[in-house]
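Sequence lines set the chain letters: A, B, ... in the order given, protein chains first and strands last, and positions in each chain run from 1. Bear in mind that the values here come from a model prediction, so they are computed numbers and not experimental data.
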Amino acid sequence: MRGADSAVGLATTSLIDASLDVGDRRTRRHVACFILLGLALIVLIGLNVAVGSVAIPLTDLPGLLFGGDTGSTATQIVWSIRLPRLVAALVLGGGLALSGFLLQTFFNNPIAGPFVLGISSGAKLMVSILMVLVAGAGHSVNSAAMIAAAFVGALASMGLVMVLASKVESMAMLIVAGVMIGYICSAITDFIITFASDASIANLHNWSMGSFSGTSWANVQIMTPVMLVASVLVFFLAKPIGAYQLGEHYAHNMGVNIRLFRVALVLLSSLLAACVTAFAGPVSFVGIAVPHLIRWLFRTAKPLIVIPACFLGGAVFCLGCDLIARTAFAPTEINLSSVTAVFGAPIVIIIMLRRRRRA
Amino acid sequence: MTLPPVRRIMVGVGLVLASALALSACSTAPISSPSGSTSTTATVAASVALGASGDLGNGWKPDHALALQYATGFSVDFYQDDIALIAINEGDATKRYILVPESVDTPKGIASDITVLRQPLASIYDASTPSVSMFAALDALDVISYGPQEADAWHIPAIKAQMTSGKMAYPGKYSAPDYEMLVKDKPDLALENSMILQAPEVREKLESLGVPVLMERFSYENHPLGRVEWIKLLGLLSGKLGKAEEVFADQIAKFEAVSDLGATGKTVVFFYINSNGGVTAWKASDYFSQMITMAGGDYGFTETGDDPAAATVKLEMEQFYALVKDADYIIYNGALGQPPTQLSQFTDLNPLLKDFQATQTGQVWTTTKVYYQDSADLATMMTDIRAMLTWSDGADDQLKFLRRLS
Amino acid sequence: MVRSLTAPPVASTGPSDPDHGSGADATAAFRATQLSVGYDGHPLIDDIDLDLEPGTVLALIGPNGAGKSTILKTIAKYLAAIHGAIHIDQRCVADMTNRDLARKVAVVLTDGLKPDLMTCYDIVATGRYPHTGRFGVLGPEDRAQVRQAMDLLHAWELRDRDFGQISDGQKQRVLIARALAQEPQIIVLDEPTAYLDVRYKLELLAILRQMAKRRGITVIMSLHELDMAQKIADLVVVVDGKSVVAQGPPSTIFRGGRIDQIFGLTDGSYDPLFGSLEFGAPVGDPEVFVIAGGGSGIATYRALQQRAVPFATGVLHEADLDHHLAMRLASRVIAEPAFEPISDASLDQARQSMATCRAVICCLDQFGTINARNQELLDEARSAGQTVLTDVSQLDQVLGTRA
């Protein structure tokens, strides 16, 4: 047994070590892909800061970002509008991709996504209650309440699913429970909508398409630690996930506590998905498409590599989609889920076709 | 079906009672009884109690209040130097604003909940479609820098021209406006309607960017003239209060002209077929139904449904048919989607529709798209309704706000 | 109930000298006491008692559904034992954490696993998990073990290949290498040769035995192939869905008729000498007489059996290969004790039997000293005008049979 290094040192060397196992070719590929992703991230961050409906000269940007210039409209645009939005897209996109990866591994199902356990339906139900029955009746609701409601709804539906699934000791039951809870929540939501005004219906629809618009620094201050901590915890699960990829029986045999592992995995993926849904609504396709993209790019399923890569990939994907959503038809914003679907769905289709051919 | 948190109800009720006590004499026209008797718009010049907008906070006393006859959703107290304290009733809270003339200093020591607005409010982001026409009626369109919809969506030529000439821009949907655009040329005020209640993050974002938000609530006014009276607030904001009073007086006169003509004894119902194939019908307490009654018609639909706060009732066609099949006139709400332009399109919406008496006598009318954009001119709707009620072969049936289907 | 027997001692190269006695054995690698296995609290097999030395190869045999998998799953702790205890290295398995157990027991299963994008090296490397640190990163020691395991299984050349794209035989080798890399004391395998070609079957079992003997790893596996179990196991345990029917070294289990009884063979039999399954003898009075000996008659006997033609054969010598098979397939066998020249009595019997047959097949070209008198039989047949053939295919025309 090796002695325990400091977690940070180990994490750093582990990433390099993990790829140094066999085949320099693989290592080189992994390193190259990480560099590629890193570059893409930097480029997209840069684009998201520099590009918007208001043109800001590139030369002014460093001064705005790092200088002390406060108060000009350009500063306000960059600091109060673009920056919080891009941090949200980065952090939420990364977490969403991780959530999708976890669930795809867990269910060994290539089209499992972060919301397969009914997360988004539960959140939508709570939001609809708040929107239709409270705000729709004329009472004011602040955004914190909306966020909290969505979060509570998401976790409540996850809790229900876990309780149901624990009665039957089967994995298939989890998906069944998730889908059923999703249907029940949707049915109740539809019921609420029957009595709703057209305005409420329109607003609820807007919410359910997902958006990073209007993100404030207060939002960022809450979502970032939650997402980052959850993501790091996922990284710490890399070893049992790797064992799990061989199958439950093998994982058990290699010493993984299957019960605890399942719970941890469902909890973490749900937490990630719930946080995204709370702050940005249900953003589709990121969780399904990005893990496939990463596996295709890196040619590996090794969790030590795939977990950070998925986070990066999700961040890049969301930053790109958000940029398009807000600039393509400015000033009108395209629905974020439309953009992610347009890019995400073909990816999933192509990958499915490749699998069929291989199998 | 409503499940409001109990506490919010108590607070809301308390505030409403408080403001009702403060606005001691505010009359509304009596709602017509189902039995068919008409009521007139017996207007009583109300004396709104001074101080209805609450305490300024620095010990000043108001000089006079803005006289309001029908509107209950807002109040204005005037102080020295024409400083105005505006209070908007937002249901369970009251939002207050102080409007300070250009040459006057902002008073010190005012209550912390009051938002300061300095004249001139030269640039307004108006996200509320109905209010734009009010600004137009005040010749104050120039005040609006950002409007609520694209140029092509406007049926009012003057507003459309304002947009195409670039004087009014469209910054995106109210739920996801282009904040960058709004920050670059920052408006002095954002005028929103109650849709924003369900997208609170937009309001919060605008305020954090330094754009004060004022939510107009005239769609909550039950009385039609109560709605129109909000033009006084918009007049105040755009510095055209005098003109607003004129326009409003003109509207009252026209209303009275029509209602004085008396009852016709004809029944009218107002509804539309919703996306589920069911009927959404307006209640008798809704402002439009009241206009029908004031114009001399008899509103034929008396159900009130489960939700007292809602303006409409949803029901199945069979039920609706049984209740109102003998109505003399049908007005179909043409605001949503593609309204029918021919009688055959109307009857295609549901097989029972052809069995309504109004259909058989050819008295199916729809509201025009421009009606929903022209809330400043409800009086014309009154005359149109009267025209409908007294329509005979040969008379014009393609009016400004109502069209007969044939 | 059969009492537990210790497996024969292992010629191990380990430091400790294996004890010969049973009971409190310091080197007992695996002990099951009064073990009861089953699902959901319903016992399937009761009273399993095993006491294994390190390096024992145990084969679990029995009909389908007899509970072999259940026993293996219980040993690997996928299923809770319903009753009784399992001790590995004196420690009770029920008290062990998953992690502790992982260092003692490795499994090789038949679930068709389809891991995505994993090379064979990756698969074998997962075996090191109980030994690696928090993130599962392999150190030099781990890499060495993986290399060693793969070398032993001749899988090193497969290391960069995608696991999903190799043959079943190769997959099994990789999975066993994985189990080996785990450095366990016990390897549990469920039907390891199930989908393998004959060549791979042999290879695999040979490797397992080698592993057991060289490294002292106890191998517990279920097998369908009785002949393989007979040849490769030190200890055979037979289950039938209700209990442990028999337990002991192959020599006691694979004995005349015992397998037939346990497995309920009615249309044939199991031949423990060669470890082969034979179909039943054709029914009826002999129609063909076969003169054979020294193994020459085997093909003919089988061909006749296929055509369902009852036959008699002689004069054979006991312990002759032909005699061994003829005892199972022929209606009548006339035999002489081994190495004795053919007696008159035997020859008479053969003559009589031959006379009642419709045809005679002679499988021998020439006769030796001990069976020289079979020539007389042949001559008699010819002179009596009986159809004498040298090949079974010729028989088809005579008897109207088809192959």
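For the set B/Gln198, B/Met181, B/Glu150, the entry with the most heavy-atom pairs within less than 4.5 Å of chain A is B/Gln198.
Contacts between A/Met131 and chain B at a heavy-atom distance below 4.5 Å involve backbone atoms as well as side-chain atoms. B/Glu204 touches chain A through its side chain: at least one heavy atom from C-beta onward sits under 4.5 Å away, while N, CA, C and O do not. Both the backbone and the side chain of B/Val183 come within less than 4.5 Å of a heavy atom of chain A. In this structure, chain A has heavy atoms under 4.5 Å from both the backbone and the side chain of B/Lys184. Neither the backbone nor the side chain of B/Arg203 comes within contact range of chain A, judged by heavy atoms closer than 4.5 Å.
Counting all heavy atoms, side chain and backbone alike, B/Glu180 lies closest to A/Ser53 at OE1-N, 3.1 Å. Of all heavy-atom pairs spanning B/Leu209 and A/Ser80, the tightest one is CD2-CB, 3.5 Å.
Residues of residues 165-174 of chain B that come within less than 4.5 angstrom of chain A, heavy atom to heavy atom, are B/Tyr170, B/Pro171, B/Gly172, B/Lys173, B/Tyr174 in numerical order. The contact list for residues 208-220 of chain A toward chain B, using heavy atoms and a distance under 4.5 Å, reads A/Ser213, A/Gly214, A/Thr215, A/Ser216 by residue number.
Separating the CD atom in A/Glu333 from the OH atom in B/Tyr179 is a distance of 8.5 Å, to the nearest 0.5 Å.
Side-chain N or O atoms of A/Asn206 include none that pairs as donor or acceptor with a backbone N or O of B/Ser175 at under 3.5 Å. When atom types are taken as modelled, the side chain of B/Lys186 and the backbone of A/Thr73 share no donor-acceptor pair closer than 3.5 angstrom.
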